[in-house]
Amino acid sequence: QVHLVESGGGLVQPGGSLRLSCAASGRPVNNYAMGWFRQAPGQEREFVAAISRSGGSIYYADSVKGRFTISRDNAKDTAYLQMNNLKPEDTAAYYCAASVYRGVVVTTSGYDYWGQGTQVTVSS
(Lines give C-alpha, C1' and ligand atoms only; values in the text may rest on other atoms or scores of the structure.)
Protein backbone atom coordinates (compact mmCIF):
# COMPACT_ATOMS: atom_id res chain seq x y z
CA GLN A 1 0.00 0.00 0.00
CA VAL A 2 1.19 3.53 -0.76
CA HIS A 3 0.32 6.79 0.97
CA LEU A 4 0.22 9.94 -1.16
CA VAL A 5 0.53 13.54 0.00
CA GLU A 6 0.13 16.49 -2.36
CA SER A 7 1.64 19.92 -1.82
CA GLY A 8 2.31 23.11 -3.74
CA GLY A 9 -1.18 24.46 -4.24
CA GLY A 10 -2.15 28.05 -3.59
CA LEU A 11 -3.49 31.27 -5.01
CA VAL A 12 -1.98 32.50 -8.26
CA GLN A 13 -2.89 35.18 -10.79
CA PRO A 14 -3.94 34.26 -14.32
CA GLY A 15 -0.89 33.53 -16.41
CA GLY A 16 1.09 32.43 -13.39
CA SER A 17 2.69 29.09 -12.55
CA LEU A 18 2.62 26.52 -9.80
CA ARG A 19 4.34 23.19 -9.29
CA LEU A 20 2.46 20.51 -7.45
CA SER A 21 4.29 17.66 -5.77
CA CYS A 22 3.00 14.24 -4.77
CA ALA A 23 5.17 12.48 -2.21
CA ALA A 24 4.70 8.75 -1.80
CA SER A 25 5.47 6.61 1.22
CA GLY A 26 4.91 3.00 2.17
CA ARG A 27 5.96 1.46 -1.13
CA PRO A 28 8.34 2.85 -3.74
CA VAL A 29 6.53 4.93 -6.32
CA ASN A 30 8.20 3.02 -9.16
CA ASN A 31 5.63 0.28 -8.49
CA TYR A 32 2.87 2.53 -9.77
CA ALA A 33 1.69 4.55 -12.70
CA MET A 34 0.81 8.03 -11.48
CA GLY A 35 -1.86 10.52 -12.40
CA TRP A 36 -3.25 13.92 -11.57
CA PHE A 37 -6.94 14.76 -11.42
CA ARG A 38 -8.86 17.84 -10.42
CA GLN A 39 -12.29 18.59 -9.05
CA ALA A 40 -14.06 21.92 -8.97
CA PRO A 41 -17.03 22.53 -6.64
CA GLY A 42 -20.17 20.86 -7.94
CA GLN A 43 -18.30 19.05 -10.71
CA GLU A 44 -17.02 15.55 -11.21
CA ARG A 45 -13.38 14.70 -10.75
CA GLU A 46 -11.66 15.01 -14.11
CA PHE A 47 -8.46 13.65 -15.57
CA VAL A 48 -5.54 16.06 -15.99
CA ALA A 49 -2.37 14.07 -16.73
CA ALA A 50 -0.87 10.61 -16.35
CA ILE A 51 2.58 9.06 -16.51
CA SER A 52 3.59 5.42 -16.76
CA ARG A 53 5.74 3.62 -14.21
CA SER A 54 8.91 4.23 -16.14
CA GLY A 55 7.98 7.75 -17.20
CA GLY A 56 8.23 6.74 -20.83
CA SER A 57 4.56 7.30 -21.59
CA ILE A 58 2.64 10.47 -20.78
CA TYR A 59 -0.88 11.63 -21.57
CA TYR A 60 -2.66 14.93 -21.01
CA ALA A 61 -6.21 16.17 -21.08
CA ASP A 62 -6.76 18.49 -24.03
CA SER A 63 -7.59 21.35 -21.69
CA VAL A 64 -4.07 21.40 -20.21
CA LYS A 65 -1.95 20.19 -23.12
CA GLY A 66 0.90 22.59 -23.80
CA ARG A 67 0.54 24.28 -20.39
CA PHE A 68 0.99 21.47 -17.85
CA THR A 69 3.83 18.98 -17.55
CA ILE A 70 3.72 15.78 -15.53
CA SER A 71 6.95 14.17 -14.38
CA ARG A 72 8.25 11.78 -11.79
CA ASP A 73 11.43 11.19 -9.85
CA ASN A 74 11.38 7.57 -8.76
CA ALA A 75 14.53 8.05 -6.71
CA LYS A 76 12.66 10.60 -4.60
CA ASP A 77 9.34 8.72 -4.65
CA THR A 78 7.68 11.86 -5.93
CA ALA A 79 5.52 12.88 -8.87
CA TYR A 80 5.10 16.44 -10.07
CA LEU A 81 2.70 18.59 -12.04
CA GLN A 82 4.19 21.79 -13.43
CA MET A 83 1.38 24.17 -14.32
CA ASN A 84 2.12 27.20 -16.49
CA ASN A 85 -0.08 29.89 -17.98
CA LEU A 86 -2.79 29.15 -15.44
CA LYS A 87 -6.34 30.19 -16.18
CA PRO A 88 -9.31 30.83 -13.86
CA GLU A 89 -10.91 27.64 -15.17
CA ASP A 90 -7.99 25.67 -13.75
CA THR A 91 -9.26 26.49 -10.25
CA ALA A 92 -9.95 23.20 -8.45
CA ALA A 93 -8.72 20.79 -5.85
CA TYR A 94 -5.93 18.74 -7.43
CA TYR A 95 -5.41 15.12 -6.52
CA CYS A 96 -2.60 12.73 -7.30
CA ALA A 97 -3.26 9.03 -7.65
CA ALA A 98 -1.33 5.79 -8.00
CA SER A 99 -2.26 2.79 -10.12
CA VAL A 100 -0.84 -0.72 -10.07
CA TYR A 101 -1.02 -0.76 -13.87
CA ARG A 102 2.21 -0.26 -15.79
CA GLY A 103 1.03 2.18 -18.47
CA VAL A 104 -0.82 5.47 -18.46
CA VAL A 105 -4.26 5.43 -16.83
CA VAL A 106 -6.82 8.13 -17.59
CA THR A 107 -9.88 7.04 -15.63
CA THR A 108 -10.54 7.48 -11.92
CA SER A 109 -11.55 3.82 -11.67
CA GLY A 110 -8.08 2.79 -12.84
CA TYR A 111 -6.39 4.18 -9.76
CA ASP A 112 -5.96 2.37 -6.48
CA TYR A 113 -4.67 5.06 -4.15
CA TRP A 114 -5.44 8.76 -3.80
CA GLY A 115 -3.99 11.71 -1.97
CA GLN A 116 -6.04 14.16 0.07
CA GLY A 117 -5.81 16.95 -2.52
CA THR A 118 -4.34 20.43 -2.69
CA GLN A 119 -6.30 23.54 -3.65
CA VAL A 120 -5.32 25.63 -6.66
CA THR A 121 -7.06 28.97 -7.10
CA VAL A 122 -6.41 31.12 -10.14
CA SER A 123 -7.74 34.62 -9.66
CA SER A 124 -6.73 38.24 -10.04
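Just so it is clear, the model here is predicted, and its values are computed rather than measured.
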Just wondering, do [Y] and [X] contact through their side chains at under 4.5 Å, heavy atoms?
X   : Y    : result
M83 : V64  : no
E44 : T108 : no
R38 : V120 : no

Donor-acceptor list for residues 18-32 side chains, cut-off 3.5 Å, not counting sequence neighbours:
unit_1 : atom_1 : unit_2 : atom_2 : d
R27    : NH2    : N31    : OD1    : 3.2
N31    : ND2    : P28    : O      : 3.0

Problem set entry | Audit row: E6, W36, side-chain contact (heavy atoms from CB on, under 4.5 Å) steps and yes/no | CA-CA 10 Å; E6 302 96 334; W36 288 94; 3.9 Å; yes
If I compare all heavy atoms of [X] with all of [Y], which pair ends up nearest, and what's the gap?
X    : Y    : answer
G56  : S52  : N-OG, 3.3 Å
T91  : Q119 : CG2-NE2, 4.0 Å
V105 : S99  : CG2-OG, 3.6 Å
N85  : S17  : N-OG, 4.3 Å
A92  : A40  : CB-N, 3.9 Å
V2   : A98  : CG1-CB, 4.0 Å

Is there a path of hydrophobic side-chain contacts, each under 4.5 Å between heavy atoms of I/L/V/M/F/W/Y residues, joining [Y] to [X]?
X   : Y   : value
L86 : Y60 : yes
V12 : F68 : yes
I58 : Y94 : yes

Which distance, rounded to the nearest 0.5 Å, do you find between the [atom1] of [X] and the [atom2] of [Y]?
X    : Y   : atom1 : atom2 : result
S123 : D90 : OG    : CG    : 12.5 Å
S7   : Y80 : OG    : OH    : 9.0 Å
L4   : T78 : CG    : OG1   : 10.0 Å
I70  : Y59 : CD1   : OH    : 13.5 Å
Y111 : R45 : OH    : CZ    : 12.5 Å

Exercise. Hey, is CD on E89 packed in by over 12 heavy atoms from elsewhere, all under 6.0 Å?
Worked result: yes
For this session: Tell me, yes or no, whether the heavy-atom count around Y113 atom OH, taken from other residues, nucleotides or ligands under 6.0 Å, exceeds 12.
Result: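 For Y113, atom OH is crowded (more than 12 foreign heavy atoms under 6.0 Å).
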Exercise. Quick one: are the ring centres of F37 and W114 less than 6.0 Å apart?
Worked result: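 Ring centres of W114 and F37 closer than 6.0 Å.
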Exercise. With a 4.0 Å cut-off, would you call D62 and K65 a salt bridge?
Worked result: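 Looking at K65 together with D62, the answer is yes, because their closest N to O distance falls below 4.0 Å.
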